[in-house]
Amino acid sequence: MMINKIEKSVDMNLVEKDLKYIWHPCSQMKDYEELKPIIIDHGKGIYLYDKEGKEYIDIVSSWWCNLLGHCNPKINEYIKNQLDKLEHVIFANFSHEAAIELCEELIKVLPKGLTKFNFADNGSASVECALKMSFQYQYQTGNKKKTKFMCLSEGYHGETIGALSVGGMDLYAKIYKPMLMDAIHVQAPDCYRCSYGKDRKSCEVECFEHLEKAFEKWGEETCAIIVEPLLQGSAGMKIYPASYLRKLRRLCDEYKVLLIADEIATGFGRTGKMFAFDHAKVSPDIMCVSKALTGGYMPMSITITTEKIYNAFYDDYNKGKAFMHSHTYSGNPLGCSAALAVQKILREENILDNAKIKAEYLNSKLNNALLENPHIGEIRHIGLINAMELVTNKETKEGYDPRLRIGYGIYKRALNKGLILRPLGNVLYFNPPLNIKEDEIDKAVSICKEVIEDFLN
Ligand SMILES: *Cc1c(COP(=O)(O)O)cnc(C)c1O
């Protein structure tokens, strides 16, 4: 008894200290008065365990980055081996085996033509890098008028100023508008609430006309367009067809606009193929990867591009054409070793093929459990990602007033039951590690069904 008591007080101590010191990301800290921070002690596979030993299913892959489970033995082994050799080295003029080997591995799985790798330490930094690289490329290849960026409404590309400027979500950007650069925001596809009255089957990508019009008007002054391919994640896991990307590729070629694929959320099997662009069978000019790149272990991103773009920067030093862009932790060896382990596991354990079977299983389970629910407007899915849109009325597809915070309410209940169902407004989603097991899917779906029904019906 005594020991229990002491342990408990240590925990309270941690929570209090957390609230004393830590300003948590993307949070109204006042919410933490009611929902205290959960102090996680350790993780294993799909599970996280708090200090009291309570188990949580990490169905959101800890912000979409955990690809192969927590505390994965192989990734651990790779990082530990690297740790005993070299933790970090300046990446200007120096290099190391893990980075080189990683590039060799990635080239095997990347869309054709992407062969040059520029390293940084988070997704937003990779987006900034892609924007600057595009701008400078156009400048140095005689297209000095091409200075504008194009992007899609409700897109999300990170939180730094450049990334926010090409993002379309007011929730994150509105207050900072006076600080942001002026990008061209084009109406994105909205397949659930299609304004052409089509559904996913009858769709002929009518909404692409918005991009056609935008290119007609601004194509000549645009240096690049950035998109989240197939899946607008933060917007609420909105899914649009691959043909949209194929058309966009053609339009970009016609207007000499660089196509930047932000695959930070979609990369490494999340959409059922290695990259979302693989569904469209075309290549972007620049691709940003992060999140699952290291299996969710280490903060790392890579901005990957073509020989053609790389060559536009390659000249005698005094011509001033170099890409003078750097981050202290570029090419960090621990990150590279984790990423290398991820590539080995994906290949050796045939993860993508197995995930396909799991994806079908998960979607049919969720459909059985919740599709009939009067407040689930749609369960859309791609790969293992499944998103449930909460509506007040299935016919009109009317969403709940955001001020009701319905998603957040369900999230809190699910947490009590041991499921991390962090919402995106009125959208609840599953985005689990690719090696989730069927019994774990069963458990997560059953908790999800129970809390949604309890809360809404
Ligand atoms: C998460 C994310 C980013 C930003 O990455 P950070 O590492 O959080 O800076 C950018 N784009 C997309 C599509 C993302 O999902």
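Each ligand, and each atom within it, is numbered from 1 in the order the structure gives. Position 1 is the first residue of the sequence; numbering continues from there.
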Inset, instruction - With Leu362 as reference, evaluate Asn367, Leu384, Ile59 under the side chain to side chain contact (heavy atoms under 4.5 Å, CB included) test and give the passing residue. - result: Leu384
Legend entry - Residue that, paired with Asp285, satisfies salt bridge (Lys or Arg N to Asp or Glu O under 4.0 Å) out of Lys256, Arg249, Lys116: Arg249
Inset, instruction - Examine distances only and state if a side-chain atom of Gln138 and a backbone atom of Cys223 form a donor-acceptor pair shorter than 3.5 Å. - result: yes
Inset, instruction - Determine the sole option in His24, Lys412, Arg405 for which the side chain to side chain donor-acceptor pair (under 3.5 Å) test with Asp31 is passed. - result: Arg405
Inset, instruction - Step through it carefully: locate the ring centre of Tyr56, locate the ring centre of Tyr47, and say whether they are under 6.0 Å apart. - result: no
Inset, instruction - Check whether any side-chain N or O of Glu440 sits under 3.5 Å from a backbone N or O of Lys437 as a donor-acceptor pair, and report yes or no. - result: yes
Using a cut-off of under 3.5 Å, which N/O atoms of ligand 1 pair up with protein N/O atoms, and what distance separates each pair?
from: ligand 1; atom 1: 7 (O); to: Gly123; atom 2: N; distance (Å): 2.8
from: ligand 1; atom 1: 9 (O); to: Asn122; atom 2: OD1; distance (Å): 3.4
from: ligand 1; atom 1: 9 (O); to: Ser124; atom 2: N; distance (Å): 2.8
from: ligand 1; atom 1: 9 (O); to: Ser124; atom 2: OG; distance (Å): 2.6
from: ligand 1; atom 1: 11 (N); to: Asp262; atom 2: OD1; distance (Å): 3.4
from: ligand 1; atom 1: 11 (N); to: Asp262; atom 2: OD2; distance (Å): 2.6
from: ligand 1; atom 1: 15 (O); to: Lys291; atom 2: NZ; distance (Å): 2.6

